[in-house]
Novice: 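So that we are looking at the same thing, I have put the structure below in structure tokens.
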2 protein chains.
Amino acid sequence: MADAVQLVQSYPQMPLTVDCVIFGFEENKLKVLLIRSDLEVYKGKWSLLGDIVKSTEELDDAAYRVLRERTGMTDVYLKQVQTFSKLNRHPGGRVVTVAYCSLLNIRHHELQITDNELHWQSVRSLKDMAFDHKEIIDACYNWLQKSIQEHPLGFNLLPEKFSLRELQNLYEAILNVELDRRNFRKKFFSMDFLIDTGELEEDVKHRPGKLYQFNFDKYEKSKRKWIGIDF
Amino acid sequence: MADAVQLVQSYPQMPLTVDCVIFGFEENKLKVLLIRSDLEVYKGKWSLLGDIVKSTEELDDAAYRVLRERTGMTDVYLKQVQTFSKLNRHPGGRVVTVAYCSLLNIRHHELQITDNELHWQSVRSLKDMAFDHKEIIDACYNWLQKSIQEHPLGFNLLPEKFSLRELQNLYEAILNVELDRRNFRKKFFSMDFLIDTGELEEDVKHRPGKLYQFNFDKYEKSKRKWIGIDF
DNA sequence: CCAAAAGTGTTGGGTATACACCCATGC
DNA sequence: GCATGGGTGTATACCCAACACTTTTGG
């Protein structure tokens, strides 16, 4: 054991951080939660929410901590996406960062955000960010576009009860496509994971749509392993 | 700028390593390249090929360096998969590691391996490895199973010219399924990325199959963006 | 001629796509 | 009653899964 300790002590060390790409959905747009950079060189630029990883902290824990400290939320979808290590990515020296992607419902969380430098920004209008954060967001956005087609992640961005129109708007916004409404409905109804709550939309100035919930239990039980070569 | 440097210098630091899960295909089995652990506590156990990340080295470069130093190969498929940070994953103390997955053709590389503690082991027969390396291999294997269905990665594991039977054996071994030969052929021919070399298998004691090459150029040009919700 | 694997087509069922009309609500 | 979006069905094309026989080669 002593040899192992000695070995590790001889290793070069470097700072490690986590950066959270926190997605939300509002006004039919996919948005990401940003904060003003606190570095002089990036004055005025937006940056991701991130923090150092402590010496005795696991990466997932560090990412959850960032979420908790920034949004007050603990029960949020979170997933490690990629680690970035360009030598010049941080102006203060070598810092490696692990990017996490997080999905949350803006409505559930808006009251908890007090720091007024926090800001939900449309993913489509991003430019000129601090560090390599644009690159990190692009990676997470690509990951999201892919994952939302294979897993029921989108529901994390919606209220617990949602209309099919909202769901479709979400998919259209994230995938940047237009989908046929009837086929979209057929698709989701045929999956049979939507629970009709019996409730209707309110405060809408046209015929109200039905509200549904996603049946996560049923989904978990029926997860299948897909074989299908396609490239 | 000075503030940024000072800030980074105040960050906790830790050792960072890369571990390469190097897959190969031989005797119709998916294999992974392992080495005897050099730590006393793991005496006799197998471990992945890995190394520290140098202070001024990017992660991809470190992973390529490991490959080059261990196999002599430079032109090998390599992809960052996941970062592992459990506090007790290394008996010598806190070490974070970034796992890379690599695919190579064993035949092209076998002569370059001189260290006789290096060893190709069947993925199916893995057990009881050093560190958290079993977990890392599992993650990379899952990644491979998924990716090989969406991207033409498998060809990195085969010789440049291969028969359809070899290709099918590869898919069956990695996905751990049996596939219908006629449908498999139809599938690949309909993709239209296989070039008939006009050559035939040799030294085979039955009717020889045709040898094909994968048309990477054509594939790159025709990459399409898929929209298809399915979970 | 025998063994072993290569090579080849068809059919049926299910799934994706394209498309148009009536309905319920608010104003 | 009109504007707005909710809700529904059908026909077609495509793709996937299932399935058996003939051909070529080596020995």
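Naming: A, B, ... by sequence-line order, numbering from 1 per chain.
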Novice: Could you pick out which residue, A:Ile229 or A:Glu201, lies toward the 5' side of DNA chain D when each is mapped onto its nearest nucleotide?
Specialist: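 Checking each residue's closest nucleotide, the 5'-ward one belongs to A:Glu201.
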Novice: Students should find this one: the first and last nucleotides of DNA chain C, 5' to 3', lying under 4.0 Å from a heavy atom of chain B. What are they?
Specialist: C:dA4 to C:dT10
Novice: Between B:Trp226 and B:Lys210, name the one whose nearest nucleotide on DNA chain C is closer to the 5' end.
Specialist: B:Lys210
Novice: Would you kindly give the CZ-to-C1' distance between A:Phe162 and D:dG6, to the nearest whole Å?
Specialist: 16 Å
Novice: Less than 6.0 angstrom separating the ring centers of A:Tyr77 and A:Phe23, yes or no?
Specialist: no
Novice: Which residue pairs pass the salt bridge (charged side-chain N to carboxylate O under 4.0 Å, His left out) test with at least one member in residues 136-146 of chain B, sequence neighbours excluded?
Specialist: A:Glu150-B:Lys146, B:Lys134-B:Asp138, B:Lys146-B:Glu150
Novice: Which whole-number value in Å describes the distance from A:Arg181 CZ to D:dT4 C1'?
Specialist: 11 Å
Novice: Is there any protein nitrogen or oxygen under 3.5 Å from a nitrogen or oxygen in nucleotides 10-14 of chain D, and what are the pairs?
Specialist:
{"residue": "D:dT10", "atom": "O4", "partner": "A:Lys186", "partner atom": "NZ", "Å": "2.8"}

Novice: Going by the salt bridge (charged side-chain N to carboxylate O under 4.0 Å, His left out) test, which pairs reach into residues 167-182 of chain B, not counting sequence neighbours?
Specialist: B:Asp180-B:Arg182
Novice: Donor-acceptor pair, distance only, cut-off 3.5 Å: does the side chain of B:His119 make one with the backbone of B:Ile35?
Specialist: no
Novice: Relative to the 5' end of DNA chain D, which residue comes earlier, B:Val204 or A:Leu164, by the nucleotide with the nearest heavy atom?
Specialist: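 Looking at DNA chain D, the more 5' nearest nucleotide goes with A:Leu164.
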Novice: A:His206 side chain: which of D:dC19, D:dT4, D:dG7 is closest?
Specialist: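 Out of D:dC19, D:dT4, D:dG7, the nucleotide with an atom closest to A:His206's side chain is D:dT4.
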Novice: D:dG26, OP1 or OP2 - any side-chain N/O from B:Arg207 closer than 4.0 Å?
Specialist: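 No.
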Novice: Rounding to a whole Å, what distance do you find between A:Phe189:CZ and D:dG7:P?
Specialist: 7 Å
Novice: Report yes or no: do A:Ser37 and A:Ser47 form a side-chain donor-acceptor pair below 3.5 Å?
Specialist: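 Looking only at side-chain atoms, A:Ser47 and A:Ser37 do not form any donor-acceptor pair under 3.5 Å.
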Novice: Please tell me which of B:Ile227 and B:Pro208 maps to the more 5' nucleotide of DNA chain C, matching each residue to the nucleotide holding its nearest heavy atom.
Specialist: B:Pro208
Novice: I need the minimum non-hydrogen distance between A:Val76 and A:Ser102, along with the two atoms involved.
Specialist: CG1-OG, 3.1 Å
Novice: Report the residues that fulfil side chain to side chain donor-acceptor pair (under 3.5 Å) with A:Glu69, sequence neighbours left out, ordered by chain and then residue number.
Specialist: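 Here no residue qualifies.
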Novice: Atom CZ of B:Arg185 and atom C1' of D:dC16: how far apart are they, to the nearest Å?
Specialist: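 The answer, rounded to whole Å, is 18 Å.
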Novice: Grab the CZ-C1' distance between B:Phe184 and D:dA18 for me, whole Å please.
Specialist: 17 Å
Novice: Regarding A:Gln82 and B:Gln80, do their side chains bring together a donor and an acceptor under 3.5 Å, going by distance alone?
Specialist: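 B:Gln80 and A:Gln82 do not have a side-chain donor-acceptor pair below 3.5 Å.
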Novice: Rounded to the Å, how far apart are A:Asp180 CG and D:dG6 P?
Specialist: 13 Å
Novice: In residues 144-154 of chain A, which residues come under 4.0 Å of DNA chain D by heavy atom?
Specialist: none
Novice: Specify the closest pair of heavy atoms between A:Asn105 and A:Pro159, including all atoms of both residues, with the distance to one decimal.
Specialist: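 Closest approach of A:Asn105 to A:Pro159, heavy atoms only: ND2-N, 3.3 Å.
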Novice: Please state whether the base of D:dG5 and the side chain of A:Arg165 form at least one donor-acceptor pair under 3.5 Å?
Specialist: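 A donor-acceptor contact between them is absent.
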Novice: For B:Ser222 and B:Phe193, work out which heavy atoms get closest and say how close.
Specialist: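 Minimum heavy-atom contact is OG-CZ, 3.2 Å.
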Novice: When the aromatic ring centroids of A:Tyr212 and A:Phe162 are compared, is their separation below 6.0 Å?
Specialist: no
Novice: Does A:Glu201 use its side chain to pair, donor to acceptor, with the backbone of A:Gly209 at less than 3.5 Å?
Specialist: yes
